[in-house]
Amino acid sequence: MNQTTLSSGVRVRFAPSPTGYLHIGGARTALFNWLFARHNNGIFLLRIEDTDQQRSTEEATHAILDSMKWLGLDWDEGPYFQSQRLPIYKRYAEQLVNQGNAFYDTDAEGRTAIRFKMQQNVIVIDDLVHGAITFDSAVIEDFVILKADGFPSYNFACVVDDADMKITHVIRGDDHISNTPKQIALYNALGFESPEYAHIPMILGEDGSRLSKRHGATSVTEYRDKGYLPQALVNFLALLGWSPGNDQEILSIREMIDKFSLKRVNKTSAQFDNTKLDWMCGQYVMNTPIEQLTAAGKLFFEKSDIDTKNISADWLFRLIELYHERFKNFQELVDQTRFFFAHTIEYDPAATDKFLKKEGIPEMLKEVYSAISSLNSFDRQGLEGCLRDLTAKLGIGFSKIAQPIRVAITGRSASAGIFETMEILGRETTLKRLENTIKNLSGITNTVGL
RNA sequence: GGCCCCAUCGUCUAGUCUGGUCUAGGACAACAGAUUUUCGAUCUGUGAACUGGGGUUCAAAUCCCCAUGGGGUCACCA
């Protein structure tokens, strides 16, 4: 028993043009098609619409395919390339000319193309998410179907291919609504049966305008490079324009497939909210086993010019375990933990001013130094006991000592727990950083308070 | 501008098809509190919306019309 006999007959496609990376909107369109296909046990195919010889690049094709794979959107057929199907379009274009539905037309620049002759009538799209949409085709002018360079135009290639590839449902952004009457006219002229349409709402930038570069990250690649988890992006994208119908926010791929329905797709465009994506990715990080995060995290440390050659797998595991609930993407993890790896750490001026450049601090850090340097076991329990004893002896609150130590060994005023941080940093580095801080401070504190 | 689409908290949305159970629910964010060695995480709580106007109806967030606002599209780009 093969896929075909099991399938519902549903065939959908994602048809990007290779003129750039896969952007968020395209990814969401691909996802809805994929979800629809998987839900219906149908076929999801990929078609590269590379009919613009000027703007199409092979790099873009690779970037798109890579992004699809990274997101886990696997396809059953293709990728097909329109540039390799030129004879097919030519044949149909000539057929339309012969039928009297199209004509040769030479423009002012001397280029001869084939233009489709629009009929005067009313065209109705029976859209699966919008319902009936009516157009008066009198407002649509005759349009080019085969360009002077022999390549088909978008609307024509799209129709010929969707018919040829037996696409049953066209799921695409609603910026294509105004193309649809042209395509329906083409189906009619060619004698093909029109597929069903589902025009899904667009994704807008955070200010409500069309998503563009100035909104920051707009490509799937950028999110991958920042270390977002693909499942989190997929989950977030799925909830932009679709909802399972209940209050559930975190859904597994399986649940998305099971629950996906075009009936539950919105008509309203959605603004991309990076903050919520961050939250969601944080949820995924917390729910991902540390072993997995360690493997992926290692790659990010290396990419960030952090030498991991002398780092043991066990040490990395403990580091990520410590930060498990503190990072939302790997870029954040790297930023937060850089001081663990650095030979010389950078000190945040605000933090040193507030917690180190004060009277009595060097003396206190000296006490800390001598207390912990003689510890038998330099681990979190040992350190905690030791330092709690010290604060008791000195008669001060624990917070008085924790922040100066934190700044001294991490360079910043916020980090994971101070005992755990010292433990993972190790005795040698911890003591060295304390020592350096004490030295650097000696000259300074004398002047403070004068 | 022509044509087309859309309209619930700041944001994503549930509720709209099949009016009444909606003094409109959830999530993110915000704010307050709890916890705490910092930040975060976590827990508790608070504020926050049916664009406006007309209808229809015993009853409208839900149906109809108009206005307004937002978006899309008008290429030998896709």
Side-chain angles (χ1 to χ4, degrees), chain A residues 15-20 49-52 54-56 82 105-107 109 111-115 125 127 129-131 133-141 143-155 157-158 172-181 199 201-204 206 208-210 236 239-250 263-264 266-280 282-283 286 323-328 332 336 351 354-355 384 387-388 391 397-407 410 412-419 421:
Chain A
S17 71
T19 54
E49 310 219 320
D50 54 349
T51 54
D52 183 333
Q54 252 61 50
R55 299 197 305 147
S56 297
Q82 292 187 323
D105 180 47
T106 302
D107 69 6
E109 293 164 53
R111 296 174 300 178
T112 300
I114 296 180
R115 212 172 263 280
I125 308 172
D127 195 273
V129 345
H130 292 272
I133 304 173
T134 306
F135 287 88
D136 179 353
S137 65
V139 304
I140 303 171
E141 59 182 24
F143 58 96
V144 169
I145 56 174
L146 202 71
K147 301 185 275 188
D149 64 4
F151 278 63
S153 68
Y154 164 71
N155 284 119
C158 182
R172 64 191 1 170
D174 65 17
D175 49 331
H176 282 288
I177 286 179
S178 56
N179 281 320
T180 309
H199 286 98
M202 300 189 64
I203 296 177
L204 272 23
E206 295 196 293
S209 69
R210 195 178 186 128
F236 179 74
L239 261 24
L240 240 36
W242 173 77
S243 104
N246 54 27
D247 291 340
Q248 197 176 356
E249 301 279 340
I250 307 291
K263 286 201 188 82
R264 297 207 56 86
N266 283 334
K267 299 186 181 86
T268 338
S269 53
Q271 294 182 211
F272 194 87
D273 183 3
N274 272 294
T275 310
K276 187 163 184 178
L277 169 62
D278 281 341
W279 166 79
M280 189 167 278
Q283 297 296 304
M286 285 189 252
Y323 278 80
H324 201 191
E325 293 185 344
R326 311 176 74 89
F327 70 98
K328 298 171 165 62
E332 241 183 45
Q336 286 182 52
K354 187 169 181 192
F355 297 109
E384 172 153 21
L387 291 172
R388 296 254 183 224
T391 52
F398 188 75
S399 59
K400 291 279 183 252
I401 207 174
Q403 280 305 82
I405 296 175
R406 191 186 310 281
V407 178
T410 71
R412 44 177 74 189
S413 56
S415 78
I418 195 68
F419 313 119
T421 300

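In what follows, chains carry the letters A, B, and so on, assigned in the order in which the sequence lines appear, proteins first and then strands, with residues in each chain numbered from 1.
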Give one of base, sugar-phosphate or nothing for [X], where a contact means two heavy atoms less than 4.0 Å apart.
X	answer
A/Leu240	sugar-phosphate
A/Ala157	nothing
A/Glu249	base
A/Arg264	sugar-phosphate
A/Gly241	sugar-phosphate
A/Phe143	nothing
A/Lys328	sugar-phosphate
A/Thr268	sugar-phosphate

From [options], pick the nucleotide closest to the side chain of [X]?
X	options	value
A/Lys267	B/U37, B/C12, B/C6	B/C6
A/Trp279	B/C28, B/C3, B/A14	B/C28
A/Phe135	B/C4, B/U37, B/U11	B/C4

For every nucleotide of nucleotides 45-52 of chain B, 5' to 3': is a protein heavy atom under 4.0 Å from its base (B), only from its sugar-phosphate (S), or from neither (-)? --------
Produce a footprint string for nucleotides 69-78 of chain B: one letter per nucleotide, 5' end first; B if the base is under 4.0 Å from any protein heavy atom, S if only the sugar-phosphate is, - if neither. --SSS--BBB
What is the base-pairing partner of [N], counting Watson-Crick and G-U wobble geometry with both distances under 3.5 Å?
N	result
B/A34	B/U42
B/C74	B/G1
B/C9	none
B/C58	B/G20
B/C50	none

Please check: side-chain N/O of [X] versus main-chain N/O of [Y], any donor-acceptor pairing under 3.5 Å?
X	Y	value
A/Asp149	A/Phe151	yes
A/Lys147	A/Thr51	yes
A/Glu49	A/Gln82	no
A/Arg412	A/Arg406	no
A/Gln271	A/Glu206	yes

Can you check the [X] [atom1] to [N] [atom2] distance for me, whole Å?
X	N	atom1	atom2	answer
A/His324	B/U42	NE2	C1'	15 Å
A/Arg388	B/U36	CZ	P	10 Å
A/Lys400	B/U37	NZ	P	13 Å
A/Lys276	B/C9	NZ	C1'	13 Å
A/Glu206	B/C28	CD	P	17 Å
A/Phe272	B/C28	CZ	C1'	13 Å
A/Phe236	B/U11	CZ	P	14 Å
A/Met280	B/C12	CE	C1'	9 Å

Whether the side chain of A/Arg406 and the base of B/U37 hold a donor-acceptor pair under 3.5 Å is what I'd like checked. yes
When the [atom1] atoms of [N] and [M] are considered, how many whole Å apart are they?
N	M	atom1	result
B/G45	B/G54	P	40 Å
B/A27	B/C64	P	32 Å
B/U56	B/A75	P	45 Å
B/A29	B/U44	P	15 Å
B/U13	B/C22	C1'	16 Å
B/A60	B/G19	P	14 Å
B/G70	B/U8	P	14 Å
B/C5	B/A49	P	31 Å

For A/Thr275 and for A/Asp247, find the nucleotide of RNA chain B with the closest heavy atom, then tell me which residue's nucleotide is more 5'. A/Asp247
Side chains of [X] and [Y], heavy atoms from C-beta outward: is any pair under 4.5 Å?
X	Y	answer
A/Leu239	A/Glu249	yes
A/Leu387	A/Ile418	no
A/Ser243	A/Arg264	yes

Got a sec, which residues hit salt bridge (charged side-chain N to carboxylate O under 4.0 Å, His left out) with A/Arg115, two or more places apart in sequence or on another chain? A/Asp105
Option among A/Trp279, A/Trp242, A/Phe272 that satisfies the ring-ring contact (aromatic ring centres under 6.0 Å, His included) test with A/Phe236: A/Phe272
Would you say a side-chain N or O of A/Gln283 is under 4.0 Å from OP1 or OP2 of B/U42? yes
Check whether any side-chain N or O of A/Asn266 sits under 4.0 Å from OP1 or OP2 of B/U13, and answer yes or no. yes
For the student: nearest non-hydrogen atoms of A/Ile125 and A/Ile177, plus distance: CD1-O, 3.9 Å
State, to 0.1 Å, how close A/His199 and A/Gly173 come at their nearest heavy-atom pair, and which atoms those are. CD2-O, 3.5 Å
Under a 4.0 Å N-O cut-off, is there an ion pair linking A/Arg55 with A/Asp52? yes
